[in-house]
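Worksheet: the structure to be examined is printed underneath.
Every chain is numbered from 1 and lettered A, B, ... according to where its sequence line falls, protein lines coming before strand lines.
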Number of protein chains: 2
Amino acid sequence: MQSAFCEIHRQGFQAASIANILQDTGLTKGALYHHFPTKKVLGLAVIEEIIKERLEGLIFKPLRESERPIEMLLEIIATIDKKVPSDFVMLGCPLNNLMQEMSPLDELFQERLAGVLGVWQKTVEGALKRGQKQGEIRAEVDYKAAALFVVSAWEGCIGVAKNMRSPKAFGTCMKQLHGYVQGLMPAKVEKGRRKGA
Amino acid sequence: MQSAFCEIHRQGFQAASIANILQDTGLTKGALYHHFPTKKVLGLAVIEEIIKERLEGLIFKPLRESERPIEMLLEIIATIDKKVPSDFVMLGCPLNNLMQEMSPLDELFQERLAGVLGVWQKTVEGALKRGQKQGEIRAEVDYKAAALFVVSAWEGCIGVAKNMRSPKAFGTCMKQLHGYVQGLMPAKVEKGRRKGA
DNA sequence: GCAATTACATACCAACTGGTATGCATGTGT
DNA sequence: ACACATGCATACCAGTTGGTATGTAATTGC
């Protein structure tokens, strides 16, 4: 599974070679096709068991369990670039990669990926909503739209940084997203001076 | 060229089939390979001659030539979903698609794509800078970082909407980006009431 | 201790892939 | 009018792909 994830992550699903995975793991074709009927099923399993779980541990769970969701959201956004393997800047977000590649080509992929993305969105949404109750987010904010945008921009930042091959660009880009979320907060006096950008 | 663009747009570069392009255009393999030595060169030509030019006409040129760059930027962001073929929501931004697919795999692709992206970024940057001179953008705004973020979020919105297969999601997402740009403006009284989100 | 299922390994295959070698017809420069 | 380059068409090729058919060893159920 790990090997399959790795191969798919750096080649994309279609270009991922079964032969490479076999060579990497030392397995034989018979062994693999005994457990997975098709390459597609293997790919879907990677989404569900690897990609989803990683996001769960890295983002979803902390965000759901925090008592100060906005603070946590801001912290995650600010530090995500350090909590992730360095090659992720070069290779991009596995979820986004698969979305861009497979969504138009295969409904099942699209559904599964949309499922994971949906959890992400709902999690951020929940955080914003709770933050709104705590008065950390202004009352008139459309938290659903904001959550959608946060996730979208997030993926966008990774994608652009990947193309530019620049961890630094990723950092400054996420900092802007950080600023956007801060912009949803009431304009009270804050510890750090409120930066416009 | 148009046919090649189309094929690449919906299959991705690697999965794009030369045979399909030939069938679609009625050309023969000899004819194509007479003008393009390799598939890769064909792909690069598509980037330069089709994708770049489209963005140029749709975004870069209006933005560069406008005397009220911020107004123009906001308008483009607000209306881009109507100025683009409907299947672009399903298929995504051709530039972003290629970036996600090819950047880690091929340096030349990465460079060319980064070039186009750079123009985009520089164009937005120029707009923000001019807007700053006009007092439309607050003085303390880091316009370079903001421009990078605008482009990133832009692509992110398209990418997510593509996965969700939802033009509506694209619209609401771009509306948030619209809000972000407005957030860079001075907090003076505006025609439309300043919406927080 | 025998039957049957599971877990693999090997060999093989049809379908495509991008790319090329060759052939030929039409200009084109001199 | 003759040499030569250009523009294209056909046929072909080696490599790779995902997938399968067949065989065999190990495990399990009874």
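In this structure, B/K29 places its NZ atom 21 Å from P of D/dG7, rounding to the nearest Å. The distance from atom CG of A/L27 to atom P of C/dA9 is 7 Å, rounded to the nearest whole Å. The distance from atom CD of A/Q11 to atom P of D/dT17 is 10 Å, rounded to the nearest whole Å. The CD1-C1' distance, from B/I21 to C/dG19, rounds to 14 Å in whole Å. Here the P atom of nucleotide C/dA15 and the CD atom of A/Q14 are 20 Å apart, to the nearest Å.
Taking only side-chain atoms of A/Y33, from C-beta outward, the nucleotide of D/dT20, C/dT17, C/dC8 with the closest atom is D/dT20. With distances taken from any side-chain atom of B/I18 to the nucleotides C/dG18, D/dG18, C/dA9, the minimum falls on C/dG18. You'll find that the side chain of B/T28 is closest to D/dC8, out of C/dG18, D/dC8, D/dT17.
Here B/H35 reaches the OP1 or OP2 of D/dC8: one of its side-chain N or O atoms lies under 4.0 Å away. Dashed line: the shortest gap from a side-chain N or O of A/T38 to OP1 or OP2 of D/dG18 is not under 4.0 Å. Taking side-chain N and O atoms only, A/H34 has no distance below 4.0 Å to OP1 or OP2 of C/dC8.
Ring pair B/F5/B/F88 is tilted by interplanar angle, where 30° to 60° counts as tilted. A/W120 and A/W154 have perpendicular rings, their planes meeting at more than 60° on a 0 to 90° scale where under 30° would count as parallel.
A salt bridge links B/R64 with B/E56: at least one charged nitrogen is closer than 4.0 Å to a carboxylate oxygen. Salt-bridge check for B/R10 with B/D87: passed, with a basic side-chain N closer than 4.0 Å to an acidic carboxylate O.
If you check every strand for non-hydrogen atoms under 4.0 Å, B/A15 touches nothing.
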